[in-house]
Number of protein chains: 4
Amino acid sequence: MPEGPTAHKLTSKEQKRNRILQTAIEVFADKGYFTARMTDVAHAAHVADGTLYLYFDGKEDLLMTIFDQTLSQFIERLEHEMRSLDDPVDKLRVMVRLHLETLGRNRSLAHVLQIETRHTRKFMSQLTRGKFGKYLGLVRTIIEEGQATGRFKSSISAGLATNVVFGAVDEIIMSWLLAEDPSDLLRYLDPLMDVLIEGLAPCETTPQIEVD
Amino acid sequence: MPEGPTAHKLTSKEQKRNRILQTAIEVFADKGYFTARMTDVAHAAHVADGTLYLYFDGKEDLLMTIFDQTLSQFIERLEHEMRSLDDPVDKLRVMVRLHLETLGRNRSLAHVLQIETRHTRKFMSQLTRGKFGKYLGLVRTIIEEGQATGRFKSSISAGLATNVVFGAVDEIIMSWLLAEDPSDLLRYLDPLMDVLIEGLAPCETTPQIEVD
Amino acid sequence: MPEGPTAHKLTSKEQKRNRILQTAIEVFADKGYFTARMTDVAHAAHVADGTLYLYFDGKEDLLMTIFDQTLSQFIERLEHEMRSLDDPVDKLRVMVRLHLETLGRNRSLAHVLQIETRHTRKFMSQLTRGKFGKYLGLVRTIIEEGQATGRFKSSISAGLATNVVFGAVDEIIMSWLLAEDPSDLLRYLDPLMDVLIEGLAPCETTPQIEVD
Amino acid sequence: MPEGPTAHKLTSKEQKRNRILQTAIEVFADKGYFTARMTDVAHAAHVADGTLYLYFDGKEDLLMTIFDQTLSQFIERLEHEMRSLDDPVDKLRVMVRLHLETLGRNRSLAHVLQIETRHTRKFMSQLTRGKFGKYLGLVRTIIEEGQATGRFKSSISAGLATNVVFGAVDEIIMSWLLAEDPSDLLRYLDPLMDVLIEGLAPCETTPQIEVD
DNA sequence: GATGAATGAGTCTTCATTCAT
DNA sequence: AATGAATGAAGACTCATTCAT
């Protein structure tokens, strides 16, 4: 009965912790982090108010854990899936697909991440910003690889390209969240990649600038 | 120094209102809307707490006014500048330039808009979402024009293209805000437009898909 | 140009003071003393907020003046009208008539007096309670006179009888105030006096009806 | 010592609620509803400010509960005691006795009811006015019964008679409250009833209502 | 005298957190 | 471990009063 920290059977304690966390995601998504009350989370999770503090250090820890855990898992999976790939274009595609997939699968999580991410990015200390920065760093690395190998144009800075890529994905998700239509987020993958690849493509072959 | 089309002699009352509003922008930018206290705004504006309520209906009104006023002026100016232009590419460039310019000029305003915009987009009903939606609608219209005239590819939906454009601009600003380097935001205009134009360009001439 | 304190031509200042006072009566009647704001009074009187303080010492003074002035005038008039009367029954009748008349003529005044009187009776210092006590003292005196001359029964204390008389009048006014029907308050004079006189009349042995 | 018809073992929660309520009665009695602060109530009840809100919806709810609960219990008890009586005079006597008894037993309650009742009667819509109106309706019913059976004169309206009865009782309590002498309120029962009965009695000489 | 913008002390209420059971 | 009643610090907002114009 393997019960180590990476064991697949979750202890009942871990299960409860996860249940609370998922509930918090839903409540935060519904009301917004600041507006939501700890009592709301406790009620929704069918536990007493005090119980939350047996599993988390407080409201902020709840939010931070959501960020941290989600990003950690995401990055871990991302690195795993990219390991077998060489082409930066392929890597970028995997990255975008995983991003859309992860949030497309859990709309509440997407809400929390999209809405509260900016507060967090700006105000929270390094932990989460670090995790988030790590993700952006991965995007940037791919871009730089692409630029080094000639798959992406070098006329723009890698940082800018990173912003374009991340911003585009981010806004597509935002738009998807605000729409009533809960259509599959992945349907945007191909056309989005099309635009991004074209936008980042080196331009020698195509003298596109002579737009009269 | 010719002032804008709406230049007036501001009454002393209007001046004070504007001073409070600008102070609120700075305080909200510094602490975040939810964390900032009305007392902070009052202190920073060198007025008594109660005075705030002579000019605004409350904390929320303060935030909403920031959004509403900024977006209104922005849209007005945007429509004014675009009136003389025909080419969708030119229009898009003006739009992006104005966006970068407006926020690049007032870093605190940029903070508030970037950080609090999402709460607002999601939770506030029509007023701001309406104004914001109007801006996004303008972007979309330009895209559609470009698609109709063959300047932009029609293989992707106008909505998606809108998201890519807005998301890219938005994230560049976000990145600029979080950087210590307060370099000129407008320096990103040309390379950004380069990527966007390429990304949205119709693809007939360039068989770009054969990425083996 | 006689301008002494008892002059009949009111100075413009006195007129304004009275106008404010009457307005305050109406506002207090409408909203209740505690709920009404000084600003409400000022607006209704078409003067600036600060102007109120040129004529009165503050909110409480406004209320106290309403009580004091009304009661003073009432008592003065009462004493004047009673001067020519001998029979305690007649005096009582005049007293009740004057009470109903005074409040029946100014419904707002009646509201304020009825509603706020108790707070005032209990909490305010001697001035008003004194004035009010003086009125009750007059009622009591009449009762005692009546008891001394055999017109009223002596089997109950004068204090109790005073309470019965005042309480009856008071509640009739209260009931009149809360009714939608603004019928003439004086219509209750005769039947009320009938009950009171019978109730206070000396008992068995005395065929009390042959009042000359 | 048999308790009332509604005697229960009170839960500790109900006990605390009652303790807070009784404390509120005392504080409101002492300072007046508008002047009293919630903090005063909390301190006096030896609980934290926030605790008040675990048992009541707010300040107004506290006052309303005082009214509602007191009147409900009073009316219930009144109806219970009157059930075995036939003679309107007896009923009236029970009613007056119960009224004097109830308030005579809890001077603070009497204060609150006497002082704040009028604000409430005028401003609060149905709840309290309804309960209060029900009590007045009971008085009126007794009067009407008495008039129908010839025990009371029919020359005055039942409404007027109700006012006289209620007003007299009410004012006696008021007078008792303002006196330093905390003598037994019930001592006034007999002489008061004497006056009321006489005042309401049909005139002997004129058997105007030949009710069988 | 009149104004009304400004003041800031005061109050109700909320809610994250604690701890006795 | 779990509970949930209790806590009390904190904050948005009000409004009687003042005073510079």
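Any value given below was found using the heavy atoms of this structure, including those in side chains, with hydrogens, waters and symmetry copies removed. To find a chain, count down the sequence lines: A is the first, B the second, and so on, and within it residues start at 1.
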Write down the distance between [atom1] ([X]) and [atom2] ([N]), rounded to a whole number of angstrom.
| X | N | atom1 | atom2 | value |
| --- | --- | --- | --- | --- |
| D/Ile20 | F/dA6 | CD1 | P | 8 Å |
| B/Arg19 | E/dA5 | CZ | P | 15 Å |
| A/His46 | F/dG4 | NE2 | P | 13 Å |
| B/Gln15 | E/dA6 | CD | C1' | 17 Å |
| A/Asp61 | E/dA16 | CG | P | 14 Å |
| B/Phe56 | F/dT14 | CZ | P | 15 Å |
| B/Arg37 | F/dA9 | CZ | P | 15 Å |
| A/His43 | F/dT3 | NE2 | C1' | 12 Å |

>> Could you tell me the Watson-Crick or G-U partner of E/dG4, where both distances fall under 3.5 Å? Say none if there is no partner.
In response: F/dC19
Sub-3.5 Å donor-acceptor pair from the side chain of [X] to the main-chain atoms of [Y], do we have one?
| X | Y | value |
| --- | --- | --- |
| D/Lys131 | D/Gln69 | no |
| A/Lys31 | A/Asp40 | no |
| B/Arg118 | A/Glu116 | no |

From [options], nucleotide with atom closest to [X] side chain:
| X | options | result |
| --- | --- | --- |
| C/Asp49 | F/dT17, F/dT3, E/dC15 | F/dT17 |
| B/Lys16 | E/dA6, F/dA5, E/dG4 | E/dA6 |
| A/Lys59 | E/dT17, F/dA5, F/dA9 | E/dT17 |
| A/Tyr53 | E/dT18, E/dT3, E/dA5 | E/dT18 |

> Would the A/Phe28 and A/His111 ring centres measure less than 6.0 Å apart?
Replying inline: no
>> Heavy-atom nearest nucleotide on DNA chain F for B/Asp57 versus D/Val47: which residue maps closer to 5'?
In response: D/Val47
>> Assuming nearest nucleotide by heavy-atom distance, tell me which of C/Phe34 and D/Leu54 is located more 5' along DNA chain F.
In response: D/Leu54
> When rounded to the nearest 0.5 angstrom, what is the spacing between CG in C/Asp61 and OH in C/Tyr55?
Replying inline: 14.5 Å
> Which residue lies toward the 5' end of DNA chain E, D/Gly58 or B/Gly50, if each is placed at its nearest nucleotide?
Replying inline: B/Gly50
> Taking for each residue the nucleotide of DNA chain E bearing the nearest heavy atom, is the 5' side occupied by D/Met38 or by B/Thr51?
Replying inline: B/Thr51
>> Classify B/Tyr55 by what it touches in the nucleic acid, base, sugar-phosphate, or nothing, heavy-atom distance under 4.0 Å.
In response: sugar-phosphate
> Which part of the nucleic acid does D/Ala36 contact within heavy-atom distance under 4.0 Å: base, sugar-phosphate only, or nothing?
Replying inline: sugar-phosphate
